[in-house]
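Along the sequence shown, the residues carry numbers beginning at 1. Indexing begins at 1, ligand by ligand and atom by atom, following the structure's order.
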Amino acid sequence: MLHFFRKILFFSLLISTCGCSGQPGPADVDIIPESTDASPAPDTHHEDELAVFEQNLIDDYQSVLGKMENATRYQIDLQIADTVSDVSGHQEVLYTNNEEVPLDEIYFRLFPNISGLILTVTNLTVNDTQLPAILTNKDTAMRVDLPEPLQPGEQTLIAMDFQQQVPRAMGGNYGLNIYMDDILALDQFFPIIPVYDEDGWEVQDPPINADMLFADEAFFRVRVNAPAGLVLAGSGIEVGSTNGDQRQEVIYIGGPQRDFFLAASPRFESVSRKVGGTTITAYFPGEYRQAGNLVLETAERALNSYNDRFGAYPYIELDLISTPMNAGGMEYSTATSLSLRYFDADSDAANLTFLEAVVAHEVAHQWFFNQVMSDQLQEPWLDEALVQYATYLYYVDRYGVNNAQGFVQSWYQRWANVDQAPIPIGKPAGAYTREEYGPIIYGRGPLFFEALNETMGEASFNRLLSAYADQYRWGIADSQAFTELAQEICDCDLSDLLAHWVKE
Ligand SMILES: [Zn+2]
């Protein structure tokens with residue numbers, strides 16, 4: 001996620017990069033029409049092999065499917081009612097016990113419930129045996145007590161119906177899950193299995209101020225039935241659609257990825273551009289075409305920058321979608337939402353400057369969140385602070401080191417909100433006060449990466465970021481893995497630096 005910038009303090013960036021961000025780029029761009037491909041998707045449940053997912057990956061990454069046959073598979077049938085804010089579905093989840101111990105229970109996260117009970121589950125079955133849905137952790141987790149322990153390597157099929165009433169106003173958790181201004185945004189709208197590790201199931205109570213998802217790579221097949229007038233934008237790729245007078249149906253597939261995001265609006269228009277093997281599409285209400293073009297231009301530059309630095313983006317699509325929210329933007333797998341309020345350049349010319357920063361930030365999450373996941377509740381700095389630093393690298397690559405200093409200044413300014421107190425960046429999200437979280441994770445956090453760059457030397461530091469993405473792509477990393485890799489690459493002792501910035 002990106003928390004809102006305090007506008008007055010962020011003006012230094014506007015000044016230092018003035019003239020560079022606003023209008024879309026030169027006319028040598030490859031504008032392509034929206035896909036009209038409506039080839040039917042395979043209709044079988046839970047295909048035995050994953051070949052169907054080759055089509056959502058660029059060539060270089062398709063071989064990963066051969067190593068992922070035991071990844072969780074979600075098959076979701078989603079109904080968006082004519083009211084749009086009523087969303088219900090049926091999902092079947094094929095789960096393999098990839099742990100070394102038998103599992104007596106499997107958990108699902110129900111994240112919308114952090115802001116009051118919204119997402120409900122009924123008709124829960126495990127291999128056709130009906131079971132109660134037991135809610136825990138302030139109703140943000142559901143425990144499924146298995147009829148028999150699931151042995152290592154064994155599979156089980158868990159099915160359920162789910163339903164939620166999407167809020168029509170900004171409420172808890174930044175309004176990420178919302179139907180407002182005729183735009184529907186479905187953040188974590190279905191029950192999703194969290195990581196199981198040496199601590200067991202990762203189902204801690206989520207604090208309100210942080211990102212929450214901690215999940216393994218999985219495969220998704222989502223059939224969306226929705227009112228005909230909505231333009232749908234979702235994770236993964238569309239592999240089939242039918243259109244009627246009243247209703248439409250669209251089938252998406254995606255994976256390996258961490259989650260599945262969907263947005264919809266009758267107001268959405270879009271622009272697309274191909275970058276390497278990836279088609280980037282920006283969705284926005286038609287009156288904000290200038291901002292939509294800026295999103296597309298920025299995403300192209302960011303993708304090129306990060307492709308070179310962290311390894312190629314693995315997917316053939318990336319969608320950037322404007323939605324109403326109280327954050328700057330939010331990352332999802334192969335998609336990101338961007339705050340609608342930054343799209344209005346007429347109300348405040350600075351909006352487009354913030355929008356550029358948000359796009360560069362959220363695109364970086366496609367590496368440090370979707371490809372390399374870490375525990376966002378236990379170690380939020382490991383992806384958010386790194387992504388802030390990656391955003392700086394976007395500015396460096398696009399505008400040069402000197403012009404990028406405005407963005408560095410924005411970190412000091414955010415940190416100044418807690419008087420630049422040397423609060424460690426390595427604490428769990430819930431251990432910070434609401435006032436501390438943004439300034440420390442998004443302000444002091446990237447300054448640690450700047451210090452790490454200076455200590456290691458730029459060549460070593462760049463090698464570290466590339467090696468980190470490479471070694472932990474499709475997996476889970478933690479701060480110990482990151483710092484050990486750093487010390488290995490620089491062949492140096494970073495304990496003093498870590499003690500100064502990271503450790504409690
Ligand atoms: Zn973020």
Side-chain angles (χ1 to χ4, degrees), residues 1-6 10 13 111 173-177 185 187-188 206-215 235 257-259 261 295 298-299 302-303 305-306 309-310 313 318-323 325-339 341-342 354-395 407-408 410-411 414-415 425-429 432 434 436-449 465 468-469 477 479 482:
M1 191 193 297
L2 190 60
H3 291 232
F4 267 120
F5 294 107
R6 292 184 61 190
F10 195 57
L13 176 65
F111 286 120
N173 202 26
Y174 304 96
L176 297 175
N177 216 318
D187 169 273
Q188 315 295 346
I208 196 78
N209 59 349
D211 295 341
M212 296 180 284
L213 185 70
F214 187 33
S235 293
Q257 61 193 41
R258 307 289 173 175
D259 64 7
F261 176 70
V295 168
T298 305
L303 207 66
S305 178
Y306 305 149
R309 289 179 174 277
F310 314 137
Y313 176 76
L318 173 61
D319 292 336
L320 300 110
I321 308 161
S322 73
T323 70
M325 70 169 83
N326 275 336
M330 183 67 195
E331 67 274 22
Y332 300 100
S333 296
T334 78
T336 180
S337 59
L338 306 166
S339 178
R341 74 173 73 174
Y342 286 150
F354 305 126
L355 185 59
E356 181 181 5
V358 173
V359 170
H361 177 103
E362 303 303 342
V363 171
H365 273 304
Q366 293 302 321
W367 280 261
F368 307 112
F369 163 79
N370 191 38
Q371 294 176 56
V372 179
M373 174 137 278
S374 56
D375 188 336
Q376 304 186 91
L377 294 178
Q378 280 304 309
E379 301 182 316
W381 73 276
L382 190 55
D383 81 335
E384 287 302 344
L386 176 53
V387 159
Q388 282 285 74
Y389 196 82
T391 307
Y392 161 72
L393 295 174
Y394 155 85
Y395 282 105
F407 192 65
V408 173
S410 75
W411 301 336
R414 294 195 77 167
W415 189 19
I425 66 170
K427 300 206 286 187
Y432 295 106
R434 187 180 280 268
E436 289 170 347
Y437 182 75
I440 297 303
I441 297 300
Y442 294 85
R444 189 172 191 242
L447 289 167
F448 160 71
F449 284 94
L465 298 189
Y468 176 63
S479 58
F482 181 84

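Residue contact annotation: Met1 places an N/O/S atom under 2.8 Å from the Zn ion (ligand 1).
You'll find the ring centres of Tyr395 and Phe407 inside the 6.0 Å limit.
With hydrogens and angles left out, the side-chain atoms of Ser333 and Asp259 include a donor and acceptor closer than 3.5 Å. For the 3.5 Å distance criterion, the side chains of Glu356 and Tyr394 qualify, holding a donor opposite an acceptor.
Within Glu384, OE1 is the N, O or S atom that lies nearest to the Zn ion (ligand 1). The Zn ion (ligand 1) is closest to atom NE2 of His365 (considering only N, O or S atoms).
Taking the six-membered ring where the residue is Trp, Trp381 and Phe448 present perpendicular rings, their angle passing 60° and hence far from 30°.
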